[in-house]
**Q** 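Quick one: the structure is below, questions incoming.
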There are 2 protein chains.
Amino acid sequence: MSDIARLAGVSTATVSRALNDSPLVTAETRARVKELARSLNYTINVGAKNLRLRRNKTVAVVVPYDSASRQSVSDPFFLSMLGSLADALTEHGYDMLLSRVDARQLDAAAQFIDTGRAMGVILIGQWRHHDQLNQMAARNLPIVIWGALLPQQLYCTIGCDNIAGGALATEHLIACGRRQIAFLGDTKLPEVHLRLEGYQRALARNNIRFNKRLCVSAPFLAEGARNAIRELQQRNIEFDAVFACSDLLAMTVVSTLQKAGRRVPEDVAVVGYDDIEMASHAHPPLTTVRQPIEAGGRALVAALLEFLEGGRPQPKTLATELIVRQSTPPVLSDNHDFTGARLAQ
Amino acid sequence: MSDIARLAGVSTATVSRALNDSPLVTAETRARVKELARSLNYTINVGAKNLRLRRNKTVAVVVPYDSASRQSVSDPFFLSMLGSLADALTEHGYDMLLSRVDARQLDAAAQFIDTGRAMGVILIGQWRHHDQLNQMAARNLPIVIWGALLPQQLYCTIGCDNIAGGALATEHLIACGRRQIAFLGDTKLPEVHLRLEGYQRALARNNIRFNKRLCVSAPFLAEGARNAIRELQQRNIEFDAVFACSDLLAMTVVSTLQKAGRRVPEDVAVVGYDDIEMASHAHPPLTTVRQPIEAGGRALVAALLEFLEGGRPQPKTLATELIVRQSTPPVLSDNHDFTGARLAQ
DNA sequence: CTGAAAGCGCTAACAA
DNA sequence: TTGTTAGCGCTTTCAG
């Protein structure tokens, strides 16, 4: 910068002002300085600027990392979310620092703020560490989380209505005439737990008894799905439908079933979750519960920015939507009352 | 930091040394300082440190963004690459700044280095801007690129052997007895262009005439595949196999064909490219050319680090591998000579 | 409108 | 072993 100043015959202060479009500088000087800067391929050093300004247009996006399963990175859902966040942040002139932390120590995310590397943190998924997150929130750190709304939660979450999502999927399967609906998902995760609750509520509404044996804990991984289905079959538990808590899981379920000679949707109807791009290209195309990723990313960024401006963003729950494709059979009747009656007890 | 210094009864220099595990400081003092820092929840300010050290453990990962198609973000291949890069960078203690730039102005990536935001840049995909990239390389900027090795290239690329990959896929289809092999991909992209060359070489080796009408330009997008297949059918161009330049494309091709009543692989054999996780869960599981993403990410990071240490990394070409699954029929014979003869002419 | 000077939080000579 | 001091590249009062 001092080079530019010398060449332009002004002080560094003026160069700084010119480059930042300060109105305190003559249009003429500004033009000269800017021209000089361009010709020298000079740009303001962001690090120094940030140090001086004591702020920093960067947010850290943290993806929890399960050291055992590595789930987080392979799931297209997370990755789409990243894309959506990158867009939203860029739109607001923020840089995005991407990082992964061990899911057992989510509070490591606070480091980004403590060290001044980022102004705030967006955490994708709350995992099982409600407590750690609450502690960070108690420190009043600017952090927002993609996840479920939990009781006694001090931090700000943005997420989909998982109860409604679970219910939506289950109601649809019931409407298709299925009664023995298996539930697949890692219920230790808050979001999945709520989907299970939605599942149970839907069953109750339709007077179907909840059968615990139909609930199989499966991590998001592909092998999880295969094992789960195998477990059901080995235990001779009959099922005519599966509600899987991610599309990846659902697609593996479908192919496992097909390999075992069961037809989808004729023998077993399958509903997934997320509506990743691949879902519509699956065979058969997957009926699934869509999570609005684009809106989610935007909402996360909006909430964080509100935080950074001194506000206190409220948790927000986005609506989910059932996308009906061919992995479930046609519903038995359009008349919902009639269907409900027919299926009741 | 000065707070810590005061409380510990030492100077800031000593605090700095203690926190950086300098051997110049007593173990006792170090312990005291560190303890104090922890209790105060203090961490060194990375921005200031970087400014002083005039270095900066951050690399920018830049994903070109086609303003028209938005291809880059939705393709799982790119996203897996991101995961792999995040891992490799973290391993080396680097932060990863993720950003997207308009594919028409790849040179915007240089900004990250000019402004000191990052020490180097990893660019995912060279697109059609060989020239811009060469200009950056001429400035001797630390930047490495995932892409194809092109003639007269000044910059360092890491990528797979696309000619071999294209040939691998095509040879396999020929070995399966197919002769009318459609090629789908956006040949304006260097990588795809080389795959086409591999395809042509394989045809030539087997004395099959290259039919230009079987080559359909399709962007990586899903609609691209549908349109391409429709185009072939409308023009009454017969084909008994498709080589698609991404798995996403291939999976859409499969489902489009199935909808049109053609069986895969019986009527049409299909080979994809990338071997994304989903490929093995597709129906039928996709035969595809695997790109070693994990190794690729690692190689990109290694090359960039070499650059940063003053070296001049050489371009590197990684091997591809054919993964045979069920979207192609069994090969006609294990005896390759025989097969070749049978297919010749 | 412009310049001089101070200082953001840190590290590394150099001196003690 | 520790402290003093200077300065990384920038912005911004405060004077002129």
**Q** Considering only side-chain heavy atoms of A:Arg54, which listed nucleotide, C:dG9, C:dT2, C:dT11, is closest?
**A** C:dG9
**Q** Nearest-Å distance, CG (A:Leu19) to P (D:dC10)?
**A** 9 Å
**Q** Can you find a donor-acceptor N/O pair under 3.5 angstrom joining the side chain of B:Arg17 to the base of D:dG3?
**A** yes
**Q** Cut-off 3.5 Å, side chains only: do A:Asn20 and A:Lys49 have a donor facing an acceptor?
**A**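 Checked: A:Asn20/A:Lys49 side chains pair up, N/O donor to acceptor below 3.5 Å.
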**Q** Main chain of A:Gly159, side chain of A:Glu191: is a donor-acceptor contact present, judged purely on distance under 3.5 Å?
**A**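 No.
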**Q** What is the distance, to the nearest angstrom, from the NZ atom on A:Lys49 to the P atom on D:dT12?
**A**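 It is 9 Å, rounded to the nearest whole Å.
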**Q** When you match B:Leu53 and A:Val10 each to their closest nucleotide on DNA chain C, which lands nearer the 5' end?
**A** A:Val10
**Q** It should be established whether A:Tyr42 places a side-chain nitrogen or oxygen under 4.0 Å from OP1 or OP2 of nucleotide D:dG9.
**A** no
**Q** Output the rounded distance in Å from CE (A:Met1) to P (D:dT12).
**A** 11 Å
**Q** Between D:dT4, D:dG9, D:dT2, which one does the side chain of B:Ala13 approach most closely?
**A** D:dT4
**Q** B:Ile4 has an atom CD1; how far is it from atom P of C:dG9, in whole Å?
**A**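 Checked: the CD1 to P distance equals 13 Å.
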**Q** Between D:dT4, D:dT11, C:dT2, which nucleotide has the shortest distance from any of its atoms to the side chain of A:Thr14?
**A**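 Closest nucleotide to the A:Thr14 side chain: C:dT2.
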**Q** If you look at every strand shown and take non-hydrogen atoms under 4.0 Å, does B:Asn50 touch a base, only sugar-phosphate, or nothing?
**A** nothing
**Q** When the distance from CG of A:Leu24 to C1' of C:dT2 is rounded to whole Å, what number comes out?
**A** 9 Å
**Q** Between A:Asn45 and B:Arg54, do the side chains contain an N or O donor and an N or O acceptor separated by less than 3.5 Å?
**A** no
**Q** Hey, which of these two, B:Thr12 or A:Ile44, hits DNA chain D nearer its 5' end, going by closest nucleotide?
**A**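 The 5'-side residue here is B:Thr12.
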**Q** Hey, does the side chain of B:Ser22 reach the backbone of B:Leu24 with a donor-acceptor pair shorter than 3.5 angstrom?
**A**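 Checking the backbone N and O of B:Leu24 against the side chain of B:Ser22, a donor-acceptor pair under 3.5 Å is found.
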**Q** Please give, in whole Å, the distance from C:dA5 P to A:Arg52 CZ?
**A**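 So the CZ-P distance, A:Arg52 to C:dA5, works out to 16 Å.
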**Q** Specify the separation, in whole Å, of atom CG of A:Leu51 and atom P of D:dC8.
**A**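 It works out to 13 Å between those atoms.
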**Q** Counting side-chain heavy atoms from CB outward, which of C:dC8, C:dC10, C:dT11 is closest to B:Ala48?
**A**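 So the side chain of B:Ala48 is nearest to C:dC10.
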**Q** Which nucleotide in the set D:dT12, C:dT2, D:dG9 lies at the smallest distance from any side-chain heavy atom of A:Thr29?
**A**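 Of D:dT12, C:dT2, D:dG9, C:dT2 is nearest to the side chain of A:Thr29.
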**Q** With respect to the side chain of B:Asn45, which nucleotide from C:dT11, D:dT12, C:dG9 is positioned closest?
**A**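 That would be C:dG9.
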**Q** Considering only C:dC10, D:dT1, C:dT11, which nucleotide approaches the side chain of B:Ser16 most closely?
**A**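 Of all the options, the side chain of B:Ser16 is nearest to C:dT11.
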**Q** Whole-Å distance between D:dT1 P and B:Arg32 CZ?
**A** 15 Å
**Q** Evaluate the side chain to side chain contact (heavy atoms under 4.5 Å, CB included) criterion for residues B:Thr43 and A:Gln111: first the C-alpha distance (whole Å), next the side-chain angles of each, then the deciding distance (0.1 Å), finally the verdict.
**A** CA-CA 8 Å; B:Thr43 332; A:Gln111 286 289 316; 3.8 Å; yes
